J.: 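One structure, as structure tokens, below. Some questions next.
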Amino acid sequence: VETEGGRRVEELWLSYNQLTDESLRALSRKVIGKGRLPCLQRLELESNQIGNEGVEALAAALLACSSLPSSSSSSSSSSELTTINLCKNTVGDAGAQALALSLVHSSCPSLSRLDLSGNQIATSGAVALAVALASGGTALRVLGLAWNDLRDAGVVAFAEELTGWRRTRKGGRAREEEKLEEGEGK
């Protein structure tokens, strides 16, 4: 039986509060993890001043959830988190890469929405997220990357990684597929 009222919190809205990396580091230590807020489903951090260091701390906290042993208590080692909104912050490639790693290896089987729109993510961050999605090890179904710095090369690299085209490229079939797309194989 839950006795602490705060442990029942399902949504935490902290958008537009001028939070910094330091704030997210503290929040990650105190809120994310086994037995802390086991019912937390939605974490809203839009329009703050959160960068790579804060997001790396969040990713580390998510990873730590998966390394905790389960107990017979009512709180499990997995998180109920379904949504993380980090749009309109200053997250770059390093933060996106840390989140990608936590998506694949953390105990967040319910995380289905991640909004990183309006940040500073470029090709390497987008590719890391595509690798996480393509791995099949995540429940993520919605990924927001609008208003970043992907440009043409970043979007192409993201798409190639997401569809597995880059991995097959080293094999013979990818060159043949490329020829067909360019109209050479007709």
Side-chain angles (χ1 to χ4, degrees), residues 9-15 24 27-28 31-34 36-48 50-68 70 75-151 153-168:
V9 171
E10 293 179 3
E11 295 187 8
L12 187 56
W13 292 70
L14 296 169
S15 300
L24 190 52
L27 187 68
S28 296
V31 171
I32 306 298
K34 182 177 185 229
R36 295 198 175 110
L37 288 182
C39 297
L40 186 63
Q41 296 174 14
R42 185 176 191 140
L43 183 57
E44 290 286 336
L45 297 165
E46 178 179 347
S47 293
N48 282 296
I50 298 167
N52 289 331
E53 290 179 19
V55 171
E56 288 168 349
L58 175 62
L62 293 171
L63 280 169
C65 288
S66 64
S67 66
L68 293 171
S70 330
S75 59
S76 68
S77 63
S78 66
S79 169
E80 293 298 318
L81 206 52
T82 61
T83 302
I84 298 175
N85 180 359
L86 283 159
C87 74
K88 299 180 190 168
N89 280 285
T90 59
V91 180
D93 288 335
Q97 291 164 345
L99 281 171
L101 184 64
S102 73
L103 285 172
V104 174
H105 298 291
S106 77
S107 188
C108 285
S110 301
L111 188 63
S112 60
R113 297 181 73 88
L114 176 61
D115 194 349
L116 293 166
S117 300
N119 280 285
Q120 300 167 359
I121 299 168
T123 301
S124 64
V127 166
L129 290 164
V131 169
L133 287 168
S135 75
T138 176
L140 201 64
R141 297 294 175 260
V142 178
L143 174 62
L145 288 174
W147 303 307
N148 275 286
D149 195 25
L150 300 183
R151 302 177 190 245
V155 170
V156 169
F158 177 84
E160 288 177 351
E161 199 59 60
L162 188 60
T163 60
W165 191 81
R166 276 188 169 189
R167 289 182 297 282
T168 61

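Given the structure is predicted, the values throughout are model-derived calculations rather than measurements. Positions are given from 1, in the same order as the sequence printed here. Heavy atoms only: backbone and side chains are in, while hydrogens, waters and symmetry mates are out.
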J.: Any chance you could measure Thr83, atom OG1, to Leu12, atom CG, to the nearest 0.5 Å?
T.: 12.5 Å
J.: To the nearest 0.5 angstrom, please state how far the CG atom of Asn89 sits from the OG atom of Ser117.
T.: 11.0 Å
J.: Please find the pair of heavy atoms, one from Ala128 and one from Ala100, that lie closest to each other, and give the distance.
T.: O-CB, 3.3 Å
J.: Who passes side-chain hydrogen bond (donor to acceptor under 3.5 Å, both in side chains) against Glu11, sequence neighbours left out?
T.: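 side-chain hydrogen bond (donor to acceptor under 3.5 Å, both in side chains) list for Glu11, sorted by chain: Trp13.
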J.: Supply the atom-to-atom distance Thr90 OG1 to Ile50 CD1, rounded to the nearest 0.5 angstrom.
T.: 8.0 Å
J.: What distance do Ile32 atom CD1 and Ser102 atom OG have between them, rounded to the nearest 0.5 Å?
T.: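 Going from CD1 on Ile32 over to OG on Ser102, the span is 10.5 Å.
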J.: Would you please name every residue forming a side-chain contact (heavy atoms from CB on, under 4.5 Å) with Ser15, sequence neighbours left out?
T.: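 Glu44, Glu46.
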J.: For Ser124, check side-chain contact (heavy atoms from CB on, under 4.5 Å) against everything at least two apart and list the hits.
T.: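 Per chain and number, Ser124 pairs via side-chain contact (heavy atoms from CB on, under 4.5 Å) with Asp93, Gln97.
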J.: Do any pairs count as a salt bridge (charged side-chain N to carboxylate O under 4.0 Å, His left out) and have a residue in residues 109-138, sequence neighbours left out, and if so which ones?
T.: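 Of all non-adjacent pairs touching residues 109-138, none passes salt bridge (charged side-chain N to carboxylate O under 4.0 Å, His left out).
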J.: Return the set of residues passing salt bridge (Lys or Arg N to Asp or Glu O under 4.0 Å) with Glu56 (not counting sequence neighbours), or none when no residue passes.
T.: none
J.: For Thr82 and Leu111, what are the C-alpha separation, side-chain angles and deciding distance, and is it a side chain to side chain contact (heavy atoms under 4.5 Å, CB included)?
T.: CA-CA 4 Å; Thr82 61; Leu111 188 63; 5.7 Å; no
J.: Would you give the length of the straight line joining atom CG of Leu129 to atom CG of Leu99, rounded to the nearest 0.5 angstrom?
T.: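 Atom-to-atom, Leu129:CG and Leu99:CG are 7.0 Å apart.
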J.: Cut-off 3.5 Å, no hydrogens considered: what does the side-chain donor-acceptor table look like for residues 136-148, sequence neighbours left out?
T.:
| residue | atom | partner | partner atom | Å |
| --- | --- | --- | --- | --- |
| Thr138 | OG1 | Leu140 | N | 3.1 |
| Arg141 | NH1 | Ala139 | O | 3.4 |
| Asn148 | OD1 | Asn119 | N | 3.2 |
| Asn148 | OD1 | Gln120 | N | 3.2 |
| Asn148 | OD1 | Ile121 | N | 2.9 |
| Asn148 | ND2 | Leu116 | O | 3.0 |
| Asn148 | ND2 | Leu145 | O | 3.1 |
| Asn148 | ND2 | Ala146 | O | 3.2 |

J.: Of all residues at least two apart in sequence or in a different chain, which pass the salt bridge (Lys or Arg N to Asp or Glu O under 4.0 Å) check with Glu53?
T.: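 Result, salt bridge (Lys or Arg N to Asp or Glu O under 4.0 Å) vs Glu53: Arg25.
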J.: Salt bridge (Lys or Arg N to Asp or Glu O under 4.0 Å) with Arg151: which residues, sequence neighbours excluded?
T.: Asp149
J.: Roughly how far, to the nearest 0.5 Å, is CG of Leu24 from CG of Leu14?
T.: 9.5 Å
J.: Restricting to side-chain contact (heavy atoms from CB on, under 4.5 Å), what partner residues turn up for Ala130, sequence neighbours left out?
T.: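 With neighbours one apart ignored, the set is Phe158, Glu161, Leu162.
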J.: Is any side-chain heavy atom of Leu45 less than 4.5 Å from a side-chain heavy atom of Leu27?
T.: yes
